[in-house]
Asks: 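So that we are looking at the same thing, I have put the structure below in C-alpha cells.
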Amino acid sequence: MSAVSNSVFAELRFWLMVLLSTGLPIGVYTVLLVKRAISPRNVLLLGLALIAVAGLDVYFLQSLALLAKDTPSLSDDWVFTSQVSVALYLLPAMFGGVGVNVISHVLVRHLAEAERRFAQEHPESRS
C-alpha cells in the first residue's frame, strides 16, 4: 500500500524532472558552444538529446499533473492542473524546437554537400 505524498514537490519524480530539464540541455549547449570543431554526427546526437529531453519533460509534467490531483496541497493544483501549467510546457517546447532546428541544420548541410558532389561527378546532368 503506497501513501500519497502531501505535495508533488516532495516527489523524487519532480526533482528528477528539474535536474533533467536543466542539466542535460545546459550540458548540450555547453558542448556546442565550447567545442571548436564538432562532427555532424555529434551535432545530430545532441539535437536528438534535446528532443528526448522535451519528450521526457512532457511525460513527467503529465504524470505530475495526475499526481497533483490526489495530493491535499493546493499549490500543486495551482501549478500542475490550472492554466499556469501551460507555462511549464514552454521549456520542453523550446528544447524540442531547438533540437529540431539543430537536426534540420545537419540534414540541410548534408543534402547541400551531396548535391554539390553529384554535380561534380555528373557534369552532364546540370540543368
Side-chain angles (χ1 to χ4, degrees):
M1 163 165 76
S2 70
V4 174
S5 173
N6 286 335
S7 173
V8 169
F9 302 114
E11 291 286 323
L12 179 62
R13 281 187 274 184
F14 173 75
W15 294 107
L16 286 174
M17 182 194 73
V18 169
L19 288 173
L20 179 73
S21 299
T22 55
L24 192 58
I26 289 172
V28 168
Y29 295 142
T30 301
V31 168
L32 289 173
L33 293 173
V34 170
K35 297 281 284 179
R36 292 185 54 116
I38 190 165
S39 73
R41 178 176 168 228
N42 288 341
V43 173
L44 184 68
L45 290 174
L46 293 172
L48 288 171
L50 289 173
I51 292 172
V53 167
L56 288 171
D57 279 354
V58 169
Y59 168 77
F60 280 128
L61 287 170
Q62 289 291 311
S63 68
L64 290 171
L66 290 174
L67 187 63
K69 291 178 185 176
D70 296 334
T71 63
S73 173
L74 294 177
S75 62
D76 295 352
D77 293 341
W78 184 75
V79 172
F80 289 103
T81 62
S82 70
Q83 290 81 5
V84 174
S85 68
V86 173
L88 296 174
Y89 288 92
L90 292 177
L91 200 59
M94 182 190 72
F95 294 151
V98 170
V100 167
N101 282 338
V102 167
I103 291 170
S104 175
H105 169 75
V106 171
L107 294 175
V108 167
R109 287 197 56 191
H110 173 74
L111 290 173
E113 290 174 14
E115 287 176 348
R116 182 187 51 77
R117 281 192 303 271
F118 180 83
Q120 288 176 344
E121 293 171 5
H122 302 91
E124 70 282 353
S125 67
R126 289 186 182 162
S127 47

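Since the model is a prediction, treat every value here as computed from it, not as a measurement.
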Asks: Of all heavy-atom pairs between Gly47 and Val102, which one has the smallest distance, and what is that distance?
Replies: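 Of all heavy-atom pairs spanning Gly47 and Val102, the closest is CA-CG1, 4.0 Å.
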Asks: Just verifying a value: how many Å separate Arg116 CZ and Glu121 CD, rounded to the nearest 0.5 Å?
Replies: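 The CZ atom of Arg116 sits 9.5 Å away from the CD atom of Glu121.
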Asks: Just wondering, do Ile38 and Val31 contact through their side chains at under 4.5 Å, heavy atoms?
Replies: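 Counting from C-beta outward, Val31 and Ile38 do come under 4.5 Å.
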Asks: Calculate, to the nearest 0.5 Å, the distance between atoms CG and CG belonging to Leu44 and Leu107 respectively.
Replies: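 CG of Leu107 is found 6.5 Å from CG of Leu44.
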Asks: Tell me the closest heavy-atom pair linking Gly96 and Ala54, and the distance in Å.
Replies: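 Taking every non-hydrogen atom into account, N-CB, 3.7 Å.
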Asks: From Asp57 CG over to Leu64 CG, what is the distance, rounded to the nearest 0.5 angstrom?
Replies: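 With rounding to 0.5 Å, CG (Asp57) is 10.5 Å from CG (Leu64).
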Asks: Side-chain heavy atoms nearer than 4.5 Å, only ILVMFWY residues, links allowed to pass through others: does that put Leu66 and Leu88 together?
Replies: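 No, separate clusters.
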Asks: Between Leu24 and Ala49, what is the shortest heavy-atom contact and its length?
Replies: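 Minimum heavy-atom contact is CD2-O, 4.4 Å.
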Asks: Among Val53, Leu56, Val100, exactly one meets side chain to side chain contact (heavy atoms under 4.5 Å, CB included) together with Phe95. Which residue is that?
Replies: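 Going through the options one by one, the only one that passes is Val53.
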Asks: Can you find a pair of side-chain heavy atoms, one from Ile103 and one from Ile51, that are under 4.5 Å apart?
Replies: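 Counting from C-beta outward, Ile103 and Ile51 do come under 4.5 Å.
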Asks: Within this structure, what is the CZ-CG distance for the pair Phe60 and Leu16, rounded to the nearest 0.5 Å?
Replies: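 Nearest 0.5 Å value for the CZ-CG distance: 5.5 Å.
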Asks: Going from CG on Asn101 to NE2 on His105, what distance comes out if it is rounded to the nearest 0.5 angstrom?
Replies: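 Here the interatomic distance stands at 10.5 Å.
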Asks: Atom CD1 in Ile26, atom CG in Leu33: separation rounded to 0.5 Å?
Replies: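 Ile26 atom CD1 to Leu33 atom CG measures 12.0 Å (nearest 0.5 Å).
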Asks: Tell me whether Tyr59 shares a hydrophobic cluster with Leu50, the cluster being built from Ile, Leu, Val, Met, Phe, Trp, Tyr side chains joined at under 4.5 Å.
Replies: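 Yes, Tyr59 connects to Leu50 through the hydrophobic network.
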